[in-house]
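Structure record follows, encoded as structure tokens.
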Amino acid sequence: MNDLDDLTALRELRAEMPAPTAAQLAGGRWKLVAAAVEEDRGGPARAGRSRRPVRVARLAAIAAVTAAAVIAGVLVVSGGEDGRGSTRTNTVAFVLEAAAKNAERSSAQPPGPHQWAYLASVNCMPQCSTSERWWQGNGKNFALIGTDLHGHTYPLVTTPMANPVDTPITIYKSLSKLPTEPHALLERLSTDPGLRWALDFEGVPRDGTPTLGDEAAMIFRIMQMAPVLPPKVNAALFRALKVIPGVRFITGTEDALHRRGLGVQIVSGTRHPRRRTLVLDPKTYAYLGYREQWHGAKDFNDVFARKAAGVVDHPGQRPR
């Protein structure tokens with residue numbers, strides 16, 4: 001592949017990214033040159049000057065490759081520190097793979113029959129409500145405490161479930177059976193009968209023929225609503241997002257608790273587009289929350305934040 005084809009491929013790889021300004025390009029070039037000069041000044045003494053042309057040529061090559069990558073929007077997406085002081089580069093593939101690896105390290109386990117799955121969250125549409133929910137592992141009882149859209153607090157109430165179908169244990173088992181290969185996982189999302197609880201919301205059809213945007217919505221919904229996710233399947237959900245066309249990385253997003261994070265976004269629909277965004281922790285890449293915007297007959301905004309989740313022994317108890 002020649003140099004022109006390389007540059008074209010890079011541009012197509014990040015076609016949705018805005019073109020950098022002249023000032024951005026100039027700043028990047030000067031930083032590169034300044035760093036090279038500083039390294040040359042501070043380095044150990046060299047015998048003679050015969051190696052300087054080689055060094056200059058190598059720096060010129062690095063500058064050329066860097067400029068091409070900047071033009072393509074590959075390197076200048078979002079910067080941060082990885083905890084060791086070095087700079088990391090965020091792209092949608094990098095962020096989702098980092099989130100997948102973080103999910104794989106989880107030690108999450110389903111509750112026992114007499115334990116309880118716990119989920120605390122905040123939801124704003126645009127008024128905000130808070131809730132703490134407990135589901136008994138065998139599905140026999142449910143408990144809830146929180147505040148409503150008007151700010152009124154309601155006490156802890158435990159309610160028997162008349163016909164438990166989707167219990168924390170059965171949900172965990174059904175999720176554990178999902179394939180972890182991304183394409184196979186996407187095919188199962190809207191057709192698996194064990195995912196009824198996640199299908200039951202606006203935007204996902206029940207006829208078994210979801211659009212790509214709806215597949216992403218299913219993933220977002222599972223992450224939002226499942227109190228406990230099998231680690232390997234949780235990781236597979238992030239990796240499945242990587243193969244959905246149109247999924248992109250954005251900056252400057254936050255959840256319902258105003259925690260700023262990294263955004264993984266997809267826009268579906270043309271006449272009335274629906275914008276869905278997954279919000280991830282900028283340091284650990286853990287799930288923080290979810291945002292949805294829809295501008296149709298009337299504007300609709302839904303912002304969600306997960307405060308805590310886990311397994312406890314009784315209603316009213318919270319995970320450590």
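It should be emphasised that the depicted structure is a prediction, and the values quoted were computed from it without experimental measurement.
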P315 to A143 - nearest heavy-atom pair and separation: CB-CB, 3.7 Å

Please tell me whether L178 and V243 are part of a single hydrophobic cluster in this structure, the criterion being side-chain heavy atoms less than 4.5 Å apart. yes

Share the residues that join F142 in a hydrophobic cluster, the rule being Ile, Leu, Val, Met, Phe, Trp or Tyr side chains under 4.5 Å apart at the heavy-atom level. L119, W135, L144, Y154, M161

Closest contact, heavy atoms only, V303 versus E254: CG1-O, 4.2 Å

Residues L185, T180; criterion side chain to side chain contact (heavy atoms under 4.5 Å, CB included); working and verdict: CA-CA 6 Å; L185 176 58; T180 56; over 6 Å; no

If the test is side-chain contact (heavy atoms from CB on, under 4.5 Å), which one of I219, V92, L278, V267 qualifies with V247? V92

Mind checking the OG1-CZ spacing from T91 to F249? Nearest 0.5 Å is all I need. 8.5 Å

Verify, without hydrogens or angle tests, whether R306 (side chain) and M223 (backbone) share a donor-acceptor contact under 3.5 angstrom. yes

Do R188 and P179 make a side-chain contact, defined as non-hydrogen atoms from C-beta onward lying under 4.5 Å apart? yes

Roughly how far, to the nearest 0.5 Å, is OG of S129 from CG of D148? 8.0 Å

Check: S131 side chain, R133 main-chain N or O, donor-acceptor pair, under 3.5 Å: no

Show the numbers, then the answer: is there a salt bridge (Lys or Arg N to Asp or Glu O under 4.0 Å) between R318 and E132? CA-CA 9 Å; R318 299 173 178 88; E132 293 180 84; 2.5 Å; yes

Taking atom types as modelled, find out whether R276 and S268 have a side-chain donor-acceptor pair closer than 3.5 angstrom. yes

Residue pair C124 / A256: nearest heavy atoms and the distance that separates them: SG-CB, 3.9 Å

Do the non-hydrogen side-chain atoms of L229 and L175 ever get within less than 4.5 Å of each other? yes

Sidechain-backbone polar pair: E181 side chain, H183 backbone, donor-acceptor under 3.5 Å: yes

What is the distance from atom CG of N102 to atom OH of Y287, rounded to the nearest 0.5 Å? 14.0 Å

Between T253 and R291, does the side chain to side chain contact (heavy atoms under 4.5 Å, CB included) criterion hold? Intermediate values first, please. CA-CA 9 Å; T253 189; R291 301 182 67 90; 3.2 Å; yes

Please say whether more than 12 non-hydrogen atoms of neighbouring residues, nucleotides or ligands are located less than 6.0 Å from CZ in R275. no

Given side chains that start at C-beta, do those of V264 and L280 come closer than 4.5 Å, heavy atoms only? yes

Please find the pair of heavy atoms, one from G137 and one from P168, that lie closest to each other, and give the distance. O-CD, 3.7 Å

Short side-chain donor-acceptor distance under 3.5 Å, T130 and T147: yes

Qualifying side-chain hydrogen bond (donor to acceptor under 3.5 Å, both in side chains) pairs with a residue from residues 236-247, counting only residues at least two apart or across chains: E97-R239, E97-K242, E104-R239

Quick check against the 3.5 Å criterion: does Q224 have a side-chain atom that pairs as donor or acceptor with the backbone of R221? no

So, D281 side chain and A286 main chain: donor-acceptor pair closer than 3.5 Å or not? no

Specify the closest pair of heavy atoms between P231 and A108, including all atoms of both residues, with the distance to one decimal. CD-O, 3.9 Å

Would you call the rings of F220 and Y290 parallel, tilted or perpendicular if under 30° counts as parallel and over 60° as perpendicular? perpendicular

Single-linkage hydrophobic cluster I222~I266, side-chain heavy atoms < 4.5 angstrom: yes

More than 12 heavy atoms of other residues, nucleotides or ligands under 6.0 Å from NE2 of H314: is that the case? yes

Write down the atom of A100, the atom of A235, and the distance for their closest heavy-atom approach. O-CB, 3.3 Å

Test item: T170 side-chain N/O and T167 main-chain N/O as donor-acceptor pair under 3.5 Å: yes

Quick one: does any side-chain atom of W134 pair with a main-chain N or O of V311 as donor and acceptor, under 3.5 Å? no

Just so I know, are the side chains of D313 and Q115 near enough to count as touching, which here means a heavy-atom distance under 4.5 Å? yes

Who else is in the cluster with V279 when I, L, V, M, F, W and Y are joined by side-chain contacts under 4.5 Å? L288

Evaluation steps, side chain to side chain contact (heavy atoms under 4.5 Å, CB included), between L257 and K307: CA-CA 8 Å; L257 287 171; K307 294 178 65 177; 3.5 Å; yes

Taking atom NE2 of H114 and atom CG of N141, what is their separation to the nearest 0.5 Å? 11.0 Å

State plainly whether one hydrophobic cluster holds both I250 and I244, where clusters connect Ile, Leu, Val, Met, Phe, Trp and Tyr through side-chain heavy atoms under 4.5 angstrom apart. no

How many angstroms lie between OH in Y118 and CD in Q317, if you round to the nearest 0.5 Å? 10.5 Å

Take V228 and I171 through the side chain to side chain contact (heavy atoms under 4.5 Å, CB included) test and state the conclusion after the steps. CA-CA 9 Å; V228 186; I171 288 175; over 6 Å; no

In terms of relative ring orientation, are F94 and Y285 parallel, tilted or perpendicular, with 30° and 60° separating the classes? perpendicular

With rounding to the nearest 0.5 angstrom, report the CD to CG distance, Q127 to L149. 6.0 Å

When you group the ILVMFWY residues by side-chain heavy-atom contacts below 4.5 Å and let the links chain together, are F304 and L241 in the same group? yes

